Protein chains: 2
Amino acid sequence: MSVTIREIAQQAGVSRGTVDRVLNGRSGVKPEIRERILAIADRLQYVPNLAAKALAYNRKPIQIGIVMPPKEISFFDEIRKGIHAAEDELKGLGICLEYVYINNQLADEGARAIQTLIANGASGILFSAIDDEVNRVSIDKAIEQGIPVVTFNSDVENSKRSCFVGQDLGKSGEIAAGLMTRMFTGKAKVLVIVANMKFHAHRMRVQYFKEKLIQSEIEIVDVIEGYDRYDDTFRKLNESLKMYPDLDGIYMATGHAGACIDAVKLAGKGGHLRIVCNDLMPEVEQGLREGLIDFTIMQNPVQQGYRSLRILYDLIFNGKQPDHEFQYTDTSIMIAESL
Amino acid sequence: MSVTIREIAQQAGVSRGTVDRVLNGRSGVKPEIRERILAIADRLQYVPNLAAKALAYNRKPIQIGIVMPPKEISFFDEIRKGIHAAEDELKGLGICLEYVYINNQLADEGARAIQTLIANGASGILFSAIDDEVNRVSIDKAIEQGIPVVTFNSDVENSKRSCFVGQDLGKSGEIAAGLMTRMFTGKAKVLVIVANMKFHAHRMRVQYFKEKLIQSEIEIVDVIEGYDRYDDTFRKLNESLKMYPDLDGIYMATGHAGACIDAVKLAGKGGHLRIVCNDLMPEVEQGLREGLIDFTIMQNPVQQGYRSLRILYDLIFNGKQPDHEFQYTDTSIMIAESL
DNA sequence: CTGAAAGCGCTAACAG
DNA sequence: CTGTTAGCGCTTTCAG
């Protein structure tokens, strides 16, 4: 049987209430007694009992706020799946979730959501929105009030959030490069497509992709921006395909592949060009099935959702700090046969 | 606030004890009352409170037995890591684990372990040992006594285990084939190495590998068995490399790659031959780093450990049957850049 | 500043 | 066959 609060109380010659106060950092205990209790807890290697704690919290469940893009953004469905999985495991363990859907491109919506959640009594927040000064300030304010924030999928850098759960963008770019080198034995020309080089994620991927290819015989002929708009992407890629008729491969640093696929098909290059992609949106899945896309690099969104909620729970409930500021989810590779 | 056992008792006009009996399938309740309670619970959508249940079980924690190969088999370290991760989350939730290490090639050790565990009062068992009649019988006997068994990593087929958690072997073979087709544009000759075609796992991988390559221009020149012994593998592969000087690639359906790597190096083929491998034993990691191995196909052992314990817990504690008899872990692909 | 006691929802042992 | 009751370990009033 493991050690309880009651044993500590006995050994310290105080009541359980006092021990509770000390162990949970509540004020109002004579420093001398506090020290004594801490020492005993330490010596006995006290570990609070999760079930008991959760049960007691059932009177006033801990509220966790979740700020993320609306349901229409299908990419987040997977993340939500992961959150639900964690929620399922934590059901009846003294928490309740409150979702706030925001337009994650509008900075102040995120900031406002945080404030609302705090006003509603949230004890912790999961946050995914644009990396903007307004959000940074809002997060830091939450932290100062003792409300931990975990960012997921897209980070708000240099904010005081407990940690970020998401993809290792550098690795993602390097893997793309690695895949290219496996497909081409000698010289080759590849094109890179991003949504916008202003996006931190895409910039990072491209940067590491390039760096990794310096020592190789693979030449990057161009980096084009499609702004994740079908028309722009289609038109620009068409031009590029004409401009570089001897192109060997394409790296799509963005997950939106619909227009690319169509352009490649139109040019009659389907199956000839080697294509590496990101994520698993429906178009990408289709592209893999048709043999148009060779590889896609995953950021494991389900894991992102699951881990972020678990981490926040452990933090609030067990006071367990995440072991690293950056919690990277697996960067795995898929091919058609993986589907 | 969610519905409790007490409300059900009130509505049914009985005591909480009776409700508990019914809800937990214990005998000794008049059928008529049982029906009534069940109906009410159903109507109210009763969900038992995990924390309360776990806390009550703290008096007499539920014992879960774990039968697996000894610590010397390093492959299982990863699986154990996953089990520990799950254990960590379930700490204080009313369970205690008991490990039994066995030689998983000796059938009766597994069977005996099951019996010992049951005698010691285990309420559920995680099992990983050779697929043998003795084990099948022993598992089925446990099930008949109401003690659920979950097999992991290597299945005992057609036993009454609740489910198997491990790799989708067919997919693993198909992915290997898919990778080959991505590396070779035209005709190519590849060699397959297994430990033993008597191993179900290796037979399956090879079978699906072959089937997937039928429509391709890739020819499988031979399948050699190395029995996971360094000497045998090294010698046989040496011969093959001489016999097929124009070989293009190798598929190692086994995870033991040390001898293969050495033979390839000796033949001066390092970097020329395209190699696809399984798992991430130290030799494989080294091979990837040196650029000798192109791809390795993972079965996510950590996930295997984690999921099997979680599933068993949910089964025992929440009565939640696994949604499928085969719980496949991700079959992901790694390259050097993934490390 | 500290102690006492009630209660979170469920289980199990003991009466009846 | 069914009701009663004493916990499981922790939090949180309410007194003092």
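From a predicted model like this one, the values you see are computed outputs, not experimental measurements. Sequence lines set the chain letters: A, B, ... in the order given, protein chains first and strands last, and positions in each chain run from 1.
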Task: Test item: A:Asn49 side-chain N/O and A:Ala51 main-chain N/O as donor-acceptor pair under 3.5 Å - done: yes
- [ ] Check if the side chain of B:Arg59 and the base of D:dG9 share a donor-acceptor pair of N or O atoms closer than 3.5 Å.
- [x] no
Open item on the list: Can you confirm if the NZ or CZ of B:Arg161 lies within 45° of the ring axis of B:Phe326 and under 6.0 Å from the centre of its six-membered ring?
Closed with: yes
- [ ] Please determine, for the side chain of B:Arg21, which listed nucleotide (C:dC10, D:dT2, D:dC10) has the closest atom?
- [x] D:dT2
Open item on the list: With side-chain contact (heavy atoms from CB on, under 4.5 Å) as the test, pick out the partner of A:Val14 among A:Val22, A:Val29, A:Val19.
Closed with: A:Val19
Task: Lys/Arg N to Asp/Glu carboxylate O, B:Glu78 vs B:Lys81, below 4.0 Å - done: yes
Open item on the list: At 4.0 Å (heavy atoms only), tell me whether A:Arg26 reaches a base, stays on the sugar-phosphate, or touches nothing.
Closed with: sugar-phosphate
- [ ] Calculate the interatomic distance between A:Glu7 atom CD and D:dC10 atom C1'; express it in whole Å.
- [x] 14 Å
- [ ] Grab the CD-C1' distance between B:Glu32 and D:dC1 for me, whole Å please.
- [x] 12 Å
- [ ] Taking only the side-chain heavy atoms of A:Thr18 (C-beta and beyond), determine which of D:dG3, D:dC1, C:dT2 contains the nearest atom.
- [x] C:dT2
Open item on the list: Tell me the closest heavy-atom pair linking B:Gly124 and B:Ile316, and the distance in Å.
Closed with: CA-CD1, 3.8 Å
Open item on the list: Can you tell me which nucleotide in D:dT5, C:dA6, D:dC8 comes closest to the side chain of B:Arg16?
Closed with: D:dT5
Task: Within residues 120-145 of chain A or reaching into it, pairs that qualify as salt bridge (Lys or Arg N to Asp or Glu O under 4.0 Å) - sequence neighbours excluded - done: A:Asp131-A:Arg136, A:Glu133-A:Arg136, A:Asp140-A:Lys160, A:Glu144-A:Lys160
- [ ] Can you sort out which residues in residues 42-57 of chain B have a heavy atom within less than 4.0 Å of DNA chain C? Ascending by number, please.
- [x] B:Tyr46, B:Pro48, B:Asn49, B:Ala52, B:Lys53, B:Ala56, B:Tyr57
- [ ] Let me know the distance between CG of B:Asn318 and P of C:dG9, rounded to the nearest Å.
- [x] 17 Å
